[in-house]
Amino acid sequence: MTVTITGGITFGGGGFTFAPAAAASGTQKAIFGYGSGAAAGLYSLTNLVSNTGVVANDTAGVGTARYDLAAAGYGTDKAIFGYGNGGAGINLTAITNLVSNTGVVANNTTGVGTARAGLAAAGYGTDKAIFGYGSSSGGVQSLTNLVSNTGVVATDTTGVGTVRLQLAAAGYGSDKAIFGYGNNGGTYYSLTNLVSNTGVVATDTTGVGTARVGLAAAGYGTDKAIFGYGLTSLSAYVSMTNLVSNTGVVAADTTGVNPVRYGLAAAGYGGDKALFGYGDSNGSLLNGNYTNLVSNTGVVATFTNGVGTSRYSLAAAGYSST
């Protein structure tokens with residue numbers, strides 16, 4: 001049984017879920033998409049981000065409206081949204097929506113692999129992607145699904161590492177990826193799992209920094225990554241970040257930049273920078289469309305007033321090489 005309460009927290013499948021998201025670095029533009037909000041429930045709308053980090057107004061949605069999905073870049077200049085929850089109850093899906101190198105979202109592609117929500121995704125191997133972890137009708141998972149450089153999703157690969165949901169993922173080291181943090185049954189984690197440039201997930205690495213859930217991650221600086229924001233308990237919103245080196249080493253907490261929030265998304269843009277956007281800001285969805293830019297040295301800027309529909313449990317990815 002799954003129950004959703006105000007604030008976007010969904011109980012079921014071993015814990016409460018909200019969407020993380022991540023994207024490979026190196027792309028010039030980014031896209032935020034889908035999610036849940038106070039005004040209209042579930043969304044399929046998107047917001048494009050320019051190569052200077054400017055967020056555009058809403059673009060009409062394509063595909064099934066849903067939340068708790070994930071997204072990543074693939075094919076060097078395209079992106080993919082996948083999986084998620086398409087209803088107020090248990091309505092898990094494995095469908096995907098491809099994003100062209102001009103930011104156009106395609107209609108649904110029939111899902112492959114185990115339907116689930118609260119998963120994460122990242123680019124790896126310079127032109128491929130991986131979806132991993134999350135909660136299915138069978139419980140919390142560690143399984144993964146690889147995405148080819150043409151956007152084709154593969155069947156399930158047996159999971160490695162601690163099962164969890166509400167985690168985040170990002171590309172690092174120019175061709176590898178990292179999954180980090182998350183929750184299972186009320187236990188919060190700061191552990192990570194590295195992904196090789198062939199898509200092989202490694203066993204758990206002892207966590208660094210504050211354990212939390214509902215955070216986001218993205219690549220920056222062409223070969224590094226950043227985890228940020230989230231919840232450290234059911235009502236403790238935070239804004240701290242943790243930088244990831246180009247060898248996949250996670251640094252201790254860096255003091256956060258407001259607004260605190262969870263259920264946000266993050267993506268790379270401008271070739272070497274990133275941004276965090278949207279989310280539930282301390283229980284106020286009226287303030288849920290702020291963005292924070294991240295420099296190519298991993299410094300998070302003060303917030304920019306939001307553009308587009310406020311929402312949480314959305315996903316984001318980088319796209320376009322121009």
Side-chain angles (χ1 to χ4, degrees), residues 19 21-35 43-66 69-84 95-112 121-131 146-153 169-171 174-175 177 216-220 222 264-278 289 291 293-294 296 304 306-309 311 314-322:
S25 61
T27 49
Q28 292 294 318
K29 303 181 181 71
I31 183 171
F32 290 90
Y34 300 86
Y43 298 101
S44 59
L45 59 87
T46 56
N47 300 86
L48 301 182
V49 181
S50 75
N51 60 2
T52 60
V54 177
V55 181
N57 286 317
D58 297 343
T59 296
V62 174
T64 298
R66 59 201 192 275
L69 72 166
Y74 80 92
T76 72
D77 63 354
K78 294 173 277 291
I80 182 171
F81 290 95
Y83 300 84
I95 60 173
T96 56
N97 300 84
L98 300 182
V99 182
S100 75
N101 58 7
T102 60
V104 177
V105 180
N107 288 319
N108 295 342
T109 296
T110 301
V112 174
Y124 79 92
T126 72
D127 62 355
K128 293 173 277 291
I130 182 172
F131 289 94
L146 301 182
V147 182
S148 75
N149 59 7
T150 60
V152 177
V153 180
S174 76
D175 63 354
Y220 78 92
T222 72
L264 72 167
Y269 80 93
D272 61 356
K273 294 172 277 293
L275 77 165
F276 292 96
Y278 300 86
N289 58 0
T291 55
L293 301 182
V294 182
N296 59 6
T304 299
V307 174
T309 297
R311 59 203 192 276
L314 71 166
Y319 77 94
S320 181
S321 59
T322 60

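Pairing each heavy atom of A265 with each of A315, the nearest pair is CB-C, 3.8 Å. Heavy-atom minimum distance, Y74 versus G151: CE1-N, 3.2 Å. Taking each heavy atom of A170 and G219 in turn, the nearest pair found is CB-N, 4.0 Å.
Annotation: side-chain hydrogen bond (donor to acceptor under 3.5 Å, both in side chains) contacts of N149 (sequence neighbours excluded): D127. Annotation: side-chain hydrogen bond (donor to acceptor under 3.5 Å, both in side chains) contacts of D58 (sequence neighbours excluded): N47, T309. Partners of Y319 according to the ring pair (Phe, Tyr, Trp, His ring centres under 6.0 Å) rule, which considers only residues two or more places apart in sequence or in another chain, do not exist here.
Looking only at distances, a side-chain donor or acceptor of R66 sits under 3.5 Å from a matching main-chain atom of Y83. Here the side chain of R311 pairs a donor or acceptor atom with the backbone of Y34 at under 3.5 angstrom.
Taking 4.5 Å as the limit, every side-chain heavy atom of L314 sits out of range of all side-chain heavy atoms of Y43. Side-chain contact between T109 and V153 is absent, with no heavy atoms from C-beta onward closer than 4.5 Å. Using a 4.5 Å cut-off on side-chain heavy atoms (C-beta onward), L275 and F32 make contact.
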Stepwise side chain to side chain contact (heavy atoms under 4.5 Å, CB included) check, V105 with I31: CA-CA 10 Å; V105 180; I31 183 171; 3.8 Å; yes
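Distance OH/Y269 to CG/L293: 4.0 Å, rounded to 0.5 Å. Here the straight-line distance linking atom OG1 of T291 with atom CZ of F276 works out to 11.5 Å at 0.5 Å rounding. Atom CD of Q28 sits about 7.5 Å away from atom OG of S321, to the nearest 0.5 Å. To the nearest 0.5 Å, atom CG of residue N57 and atom OG1 of residue T46 are 11.5 Å apart. Atom CD1 of I80 sits about 14.0 Å away from atom NZ of K128, to the nearest 0.5 Å.
Between the side chains of N108 and N97, a donor-acceptor pair is found at a separation under 3.5 Å.
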